[in-house]
Structures are given as structure tokens and as C-alpha cells.
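Some notes on the structure that comes next.
In the text below, chain A, chain B and the rest are named by the order of the sequence lines, each starting its count at 1.
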Number of protein chains: 2
Amino acid sequence: MATIKDVAALARVSIATVSNVMAGVPRVSPATRRRVEAAIEQLGYRPNHVARSLKSRRTRAIGMVISDITNPFFPEMVRGAEDAALARGYLLSTFNTGDLPEREKQIFAMLESRRTDGLLVVTALKRGEHPHVAAALSSGVPVVCLDRRPQDLAVDTVTVDNAAGVELAVDHLVERGFRSIAYLGGGLGMYVAPERLAGYRRAMRRARLPLIEFRGDFRRESGYQAGSKILALRPRPEALVAANILMAAGFLEAVAEAGLEVPRDIALATFDNVAILRGFRPHLTCVEQPTYRMGYDGANLLIDRLEQVTPHSGPVHLVLPCKLVVGDSTQPCRVLRGRALASAPGVAASLES
Amino acid sequence: MATIKDVAALARVSIATVSNVMAGVPRVSPATRRRVEAAIEQLGYRPNHVARSLKSRRTRAIGMVISDITNPFFPEMVRGAEDAALARGYLLSTFNTGDLPEREKQIFAMLESRRTDGLLVVTALKRGEHPHVAAALSSGVPVVCLDRRPQDLAVDTVTVDNAAGVELAVDHLVERGFRSIAYLGGGLGMYVAPERLAGYRRAMRRARLPLIEFRGDFRRESGYQAGSKILALRPRPEALVAANILMAAGFLEAVAEAGLEVPRDIALATFDNVAILRGFRPHLTCVEQPTYRMGYDGANLLIDRLEQVTPHSGPVHLVLPCKLVVGDSTQPCRVLRGRALASAPGVAASLES
DNA sequence: TTTAGTTTGTGAAACGTTTCAATTATGATA
DNA sequence: TATCATAATTGAAACGTTTCACAAACTAAA
């Protein structure tokens, strides 16, 4: 592979001149520039980015640390981050921690020894447990946290308005006439969980409805288990709001196992949307997060920091809105229609009570 | 950030000695070794991998080029590749080409200038169009192609037995008594398409059933469009085998739009499985590919090449088997039950005919 | 005490760039 | 033609490692 020396020799100039041509500095005569460019072309020369990084002490590489690309929540976000990074000439490497501390340690060590310029992290950890993120931060490596916001760290974040998102779902259900609306949340250590729960509580309080809360851990299995309990309640809740799609999917399994159906026997709304689900039943009513944008904006924010586009100031917190996508999983169910008939002026009336 | 010089100074040895300690060479006295290790520990020294790469001319980095991580087919494969790479101390960076030639060019240029040691590629291109892969190969960078096998390139590959996979699905349908079984294939330029089509034809010929072929392009939209045509056929086929899950999903939309249902009105089997779909209806009968393994084995094969574990020989082709996962989308449908009643000894008889 | 052999440790070059001070070439002006 | 200003070019150091030939310090045998 040709080096800058080969180019210099062929063009009969010094390597400094070649470097200047590559960098586009103007103090090179047109004639020399042409000669150098011809040599570059002829040799198929590509500057060695490794050497460049060593000298400049900047790798133009950013690392993205997530828990598992296999979780359908992540691919869009990774894609967004990559698009932004590539557009600005940065290399993005993604790492799956699998939530294993040992592996996470290995990954951060690798990131450090490779002198990655900045980090995009979706932390899976609980409050107060960010040894690696904190270490990176204190050693001067910029970090942007996506999706989840560690309150104990002074770090830039890009998140969504989780509370407002759940409120959209609950309001929608209330509007459709549902009154006993249960909520299946995730473990409170996970940052987004308390916010989503708060959204549920706020919307329910506003509608003067009683809280029916269950707690899972954001994984499919917990949705299935909570599902059995929820379906066994008497009276059975008319609707469920799940805090993420994995739990919603688990819940659906419990529903099928009980010989029931969504939305006939119970309505379901959930956080997260997944493209592949279009065409499958039930078509879920969901709170769609701008995951692509989170990745895209996060990467841009990070690169701005790296290039000091913004003068150093306190941490920036971007909060993006969610959007409600109405499917048929929240169509008025049997119980509801019965109630509508019983009360005089129809569904609307039951809302006021 | 501490360098090897700092460590050497603190331990009062030469940098060569520190390097020897790091490399674990035995020509260092225990006393010195301890002194150096203490210094490393005290300074939190981490060798600069960039400098190391420059000197050794090896980056221990591999690039993975796919079309779009957002396609649910890829995450497992990427995960497998990352697991293998990390276990052997390699960095994996994944790139989405989006099937855009311009972007692909940019990506390969980046990979080259960063001196990535080897490449894992799932080529989206058609026969004879692999300028970048061919260039990498001829410049001595090992490449392993996953999932699709470019016949025109002497390159290692890890693929699945596509024909056998489709046969599994068709055989299953035949066994269940279906007789008019349509096939929705993908564009023939895509390598896997002809193999899958061949599997369909072989299985149908074996069962002495007539071919009913449609062609899409592996994208959702084409499944939807082909769906309308398939459903309009008279008599309507009893079953459809889709060549990938995106087209199957598109087909399902067409089914819903026509006011029909799977499997009541038509059975459906497809290539690919996607975890999130568990719990949703219909629960598809599918040909599951070992995508994780493809990534895992591919990365290991590539690293073996990089480290010359295997003496250089001709290209290696790993072919992994697929597995049939039976869901309820291929349960005998209405027409079928009717036919079973008509013929004397039940469904089994109709198979013999 | 030499001599030879074995451990242990080190100096310096090299990897391929960037960068800056210094040098040389080129014109313009006196 | 000599002088000066400006433009163009270059030499060399530096980035942080690895590696190899060599040097120094021991040890064991003669």
C-alpha cells in the first residue's frame, strides 16, 4: 500500500508538500498541486488514518454502547447515529454489553485503549452505578446518554418525554370510554420507568380513575407473568398500558393462553413501535418514540462537543416528543359496549361520571 | 493520559522493558516486572492501541458491511459477529450501506484508510457488481461473505442451505394436505433467490404438484402487491410460501385488506423468523435461519484467516442448515377440510393422488 | 582470576503522518 | 543589479508503540 513517501518521490516533492496538498492548504502552487494529485491518483494513495490519528491525537471514531441490538428498540437508533456520524466523517462502532458487567468492562477498556473520541451510551445500569461512564467523563472523553438520563451524572442527554407519552396512551383509552385501565411498568431502577409511571398516574388522576399497577422488568417473560395475574383479576381490567413492547408481547402470550383476545376481552396500548409488526394481529396502539432521531441528534450533539462547535457550557438535555399511533388493539371491547348501552346518553356520559 | 514513557520513568527502566512486561516476554526479572506492574497500576496506564497499530501494521479491527440493521434479519447476525470478534480481542464496526452505491463507496474508502484488517460482507449487489469487495480482496484484505455467495469471487462464505430450507416448508405443507401451493420469490439477482426458488421447484416436483410462481423483491411492498394478485387468482391457492419475512408481512396486509384471514382462507409459510412476533397472530410457520451462527462462524473464519490459523488454501464455504418452526399459519384451512370430507379415507389419501 | 555463557536490560530505528520553523525561489521595487 | 517582500517548499521533530541488535551484569566453569 502506497504511503505519503511514495507519492512524494513520484511527484518529486517533499512529504510535507504532499501533506499540504491533501489538507488543501493554499500555499501550494497550482503546478505542484497538479503533479501531486496525479501521483496520488496513479498510486491509488489513501492516507493512513492510523498514523494520522497518532499524530493528531484524534481518531474521529465514536463508540456506541447499548445492551442488545437484538432488542427491536435499538436498530433504528443505531442507524440514526451511524447516519449522522458518517455524514460528518466519523466512524461509529457499536457494542452490545448484554448487561454483563464483565463484558461492559472489557468494552470500555477497548474503547479507551483505542482512544475513541467520544461515547454514545444507553446505560442499562441503575442509579449510581456508572463507573465506566463516570471514568470516561472525568478523563475528558465526551459522553452523550441516549434514551435514559442518569441524574447523578453531569452528562449531555437525548431522551423522550416518557411521561407525556404514556399520558397520550391513557388519554386515548379514557376518551374511548375505558375506565379500569391497568399499567404494567418496568423496574424503577431503569430511569425511564419512573417517568412512564408518573405519566400513567397523572393521566389517571386527571380522569379521576383508580390506579391498577403492576411491575415487570421490561423483558418479555415479565410481561407474560404479569399477564397471568392481570387476567385473573376480578373484575378484569378493561385495558392495559404496557411500558414497553417486549412486555406487551409477553402479555399477548398470556392472553392467548387464557383463551382470550385483544381487543375483544381486554384492550392493549404500549410504549414502542416496531415496523415488522404491521400486518400482524393485533395491530397495536402504541406510543412511538423517535428512536432514529435520538440516535441522529445524539451523535450530532456528541460531534459538536468534540469539535467544540458550542463553547463548553453545562450539560445539554434534548427532550423529544412521542407520538401516539392508534391501532385496533384499543377498540372498545365487549364490557365497554355493554356499559354504553346501560348508561343513558352513551359512552360519552360514562366518561363524566 | 499516561504513556509508556511515564511508566518507564516511574519504574526507572527503559520503555523497551515496559513493552516487554506488557507483552509478557519472559526475559524480565521478577523484581523489575513487579516494579513495572506497580507503575502501570499507579498511573492507570493503558497502551495506546493507535500507536501499536501503526507499528505492527495490524489494527485488530474488522468491518461488517450490511444493507440495513433495521431489517430484522440482521441484528442477530451482527450480534453473533460481535460476540466472536470481542472474544478474540477484535473490534467490530458495522456499516449500513442502505444499498446506496455512493454510500457504499464512502464506507469502503473509510475502511481502507483506517486499515481495517478484514471484512465481513453481506452483499446486496447483483452478480458481477462487487468492485469494492474485489478491490479489497485483491489488495490482500481477507473478506468473508455472509448469507449470500457471489459465485464470481474467490471468497470465503458462510451461508445457509436455502433450497433445503424451502423444501422443509413445502414438504410440511404437502404433508398437511395442501395441494395448490404458491411461491413468492425475490429478485433473482440476489443470490439466495435462485436457490430458494430451486428448493420450491424441487419439492413441488417431488410431490407432483403444479408450480404457481410469483416474484417480488424481498421488500414488504412487493409482498403486498403480489398478495393482491395471488388472492385474486381463481381458484385461490391454498397456501403460500414467501421467500422472506418482509414479503410475508406485506402479504398479510393484502390478506387483511381483502377481508380474508391466515390460515382460515390461505395458509402461509415463510423464510426467516423474528423473535418479537411471538405472541402476535398469525403465528407463522417459518424456516428459521441460524443467523447468529452465521455471524459468529463468519467472524471466526475471518479471524482465522487474519491469524493464519489455517494455512492459505482455496476459499472455504460453510453451509449451515435451516430449521422448520411450525406455527399455526399452516393449519389445514377450510378448502382443505372440505376436500378431506369428499375423498374417502381422509386427508392422507389426497396426498397419494 | 579469566573465560565463557546466560540473564537481564537498553538504545535506536521504524511505523506514516502533521506541523512549524527555516530555507529557497520568485517577483517587484529601488 | 541589488534589495526586499512574498510565495513556495522542505527538514526535522513529534505522536506512542514494537523490536532487534547489542551492552551490561551476573554466574559457573576452568
Within this structure, what is the [atom1]-to-[atom2] distance between [X] and [N], rounded to whole angstrom?
| X | N | atom1 | atom2 | answer |
| --- | --- | --- | --- | --- |
| A:R52 | C:dC15 | CZ | C1' | 16 Å |
| B:K5 | C:dA12 | NZ | P | 14 Å |
| A:R12 | C:dT24 | CZ | P | 20 Å |
| B:M22 | D:dT19 | CE | P | 13 Å |
| B:M1 | D:dC15 | CE | C1' | 15 Å |
| A:R35 | D:dT9 | CZ | P | 8 Å |

Original post:
To the nearest 0.5 Å, how far apart are OG1 in A:T32 and CG in A:N20?
Top reply: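 Rounded to the nearest 0.5 Å, the OG1-CG separation comes out at 10.5 Å.
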Using a heavy-atom cut-off of 4.0 Å across all strands, would you classify [X] as base, sugar-phosphate, or nothing?
| X | answer |
| --- | --- |
| B:S29 | sugar-phosphate |
| A:R27 | base |
| B:T32 | sugar-phosphate |
| B:V50 | nothing |
| B:S19 | base |
| B:T3 | sugar-phosphate |

Measure from the side chain of [X], starting at C-beta and using heavy atoms only, and say which of [options] lies closest.
| X | options | value |
| --- | --- | --- |
| A:S14 | C:dG16, D:dT19, D:dT10 | D:dT10 |
| A:A51 | D:dT19, D:dC15, C:dG16 | C:dG16 |
| B:N20 | C:dT18, D:dT18, C:dT10 | C:dT10 |
| A:V28 | C:dC15, D:dT9, C:dT10 | D:dT9 |
| A:A16 | D:dG16, D:dC15, D:dA12 | D:dA12 |
| B:L54 | D:dT17, C:dT17, C:dG16 | C:dG16 |

Subject >> B:R149 NZ/CZ over B:Y191 ring centroid, <6.0 Å and within 45° of normal >> reply: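 Verdict for B:Y191: no cation-pi partner in B:R149.
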Subject >> A:D68 bridged to B:R79 by N-O distance under 4.0 Å >> reply: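 Looking at B:R79 together with A:D68, the answer is yes, because their closest N to O distance falls below 4.0 Å.
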Original post:
Between A:R88 and A:D83, does at least one N-O distance fall below 4.0 Å, as a salt bridge requires?
Top reply: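 Here A:R88 does not pair with A:D83 in a salt bridge, since their nearest N and O are not under 4.0 Å apart.
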Subject >> Test item: B:E112 and A:M1 side chains (from C-beta on) under 4.5 Å apart, heavy atoms >> reply: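 Yes, close enough: below the 4.5 Å cut-off.
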